[in-house]
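Have a look at the structure below before the remarks.
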Amino acid sequence: MPHFLNQHYPATRMRRNRVCDSVRRLTQEHHLSANDLIQPFFVIEGDNTQEAITAMPEIYRYSIDLLVAQAKQAYNLGIPAIAIFPKIDIHLKDERGTEALNPDNLVCRAVRAVKQAVPDLMVICDVALDPYTTHGHDGVLNTIGDVDNDATLEILVKQALLQAKAGCDTLAPSDMMDGRIGAIRMALEGAKLTNIRIMSYAAKYASGFYAPFREAVGSGALLTGDKKTYQMNPANHKEALQEIALDIQEGADLIIVKPGMPYLDIIARASDTFTVPIIAYQVSGEYSMLMGANNPDLMLEALLCFKRAGASGIITYYAMSAVNNSPNNLPKIIV
Ligand code: PBG
């Protein structure tokens, strides 16, 4: 940085630009708005039903009718997108995640219902088999109990097409199989679904911070072993850049870094290195941990820090609450 120190105290007093609200507002480098937020929802079978999730304060699994009502609220709060995660009945799960390919499965019905009620709300679906498998892994297993990459790809492509046909406008492959972005992109082009976005979980780490989510979708208790043969080692940085570069080459439109807060360095480096929008995922364990502090300001601070790190958007269970708890009643965004 040139001439960094050509003025110093007392010519420079950094506090002059902090001394009152007006100057603080004028010099603020990053902002958080409803436009930045993606609200995830968990969906279950039933009517007018909601279930608490022990590990996630204030988060519920909703039946489709209540999900639609929540989606309307999110849209009315100015939130541009939601992500839908199904909790599949245990009797519908099998080794191969067959229910993922049922065009009338819970997630496809949920997407159709939300899109019919709130057509302009972006709907994001996970592409992965873990809600549907009896072993809780994101793909099908080979004879030694590891996830079989190429056999899984074939199923994921079909799952992605089904979700797109149900009205999902943004597919979010979270499975971490090699080659899945390219395979899904080719299939979408082949089906003339040219405007369906892929928001790739490109840098997804094998993290303990996902535990509350696994309770929410009912995969945690089933999971055999861990996901380290496909999700990334938390110690690795350069590998994340390679994962992201590959997914962009294969046709990803947006990139997710996950988890969020312990991985701010990855978000910052990714947004410096690549031009595609980077989405931070503040995952379930981060959410629950921060909710434990019982202080909305702390959550808003954590979300703003994702913007400072370079995220274009943030997937957060706190999205609707963030808008509702905004301390700011001035309209922030003009154009
Ligand atoms: C499953 C999936 C996971 C999350 C999103 N999609 C969990 C996992 O990979 O085991 C985690 C989200 C969260 O913790 O909030 N493919």
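Start at 1 and go down the list; that is how both ligands and their atoms are numbered. Residues take their numbers from the sequence shown, with the count starting at 1.
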query: For ligand 1, is any non-hydrogen atom under 4.0 Å from D130's backbone (N, CA, C, O), its side chain (CB onward), both, or neither?
result: side chain
message: Heavy-atom distances under 4.0 Å decide this one: backbone, side chain, both or neither, for V217 against ligand 1?
response: neither
task: Return yes when Y317 approaches ligand 1 closer than 4.0 angstrom through a heavy atom, no otherwise.
output: yes
field: R185/D247 ion pair, N-O < 4.0 Å
entry: no
message: Starting from atom 6 (N) of ligand 1, what is the nearest protein heavy atom, named by residue and atom, and what distance separates them?
response: D126 OD2, 2.8 Å
- prompt: For atom 2 (C) of ligand 1, what is the nearest protein heavy atom, given as residue, atom name and distance?
  reply: K204 NZ, 3.4 Å
field: Distance from atom 12 (C) of ligand 1 to nearest protein heavy atom, with residue and atom
entry: F213 CD1, 3.3 Å
field: Sub-4.0 Å atoms of ligand 1 with respect to non-hydrogen atoms of R214
entry: 8 (C), 10 (O)
message: Taking 4.0 Å as the limit for heavy-atom contacts, which would you say applies to S284 with ligand 1: side chain only, backbone only, both, or neither?
response: both
field: Exceeds 12 heavy-atom contacts within 6.0 angstrom, atom CZ of R16
entry: yes
D175/K227 ion pair, N-O < 4.0 Å: no
query: Does atom CD of Q116 have more than 12 heavy-atom neighbours, drawn from other residues, nucleotides or ligands, at distances under 6.0 Å?
result: no
query: If you measure from the Lys or Arg side-chain nitrogens to the Asp or Glu carboxylate oxygens, is any gap between R214 and D130 under 4.0 Å?
result: no
query: Going hydrophobic residue to hydrophobic residue with side-chain gaps under 4.5 angstrom, can you get from M299 over to L304?
result: yes
message: Please list, in number order, the atoms of ligand 1 under 4.0 Å from a heavy atom of K227.
response: 8 (C), 9 (O), 10 (O)
message: So if I count the atoms of ligand 1 from 1 in the order they appear, which ones are less than 4.0 Å from some heavy atom of K258?
response: 2 (C), 3 (C), 4 (C), 5 (C), 6 (N), 11 (C), 12 (C)
- prompt: Of all the heavy atoms in E286, does at least one lie under 4.0 Å from an atom in ligand 1?
  reply: no
query: Does Q231 come within less than 4.0 Å of ligand 1, judged by its heavy atoms?
result: yes
field: Sole residue of V276, T275, L254, I181 in side-chain contact (heavy atoms from CB on, under 4.5 Å) with I248
entry: V276
field: Y281 neighbourhood, listing ligand 1 atoms whose heavy-atom distance to it stays under 4.0 Å
entry: 12 (C), 15 (O)
task: Could you find the nearest protein heavy atom to atom 16 (N) of ligand 1 and give me its residue, atom name and distance?
output: S174 OG, 2.7 Å
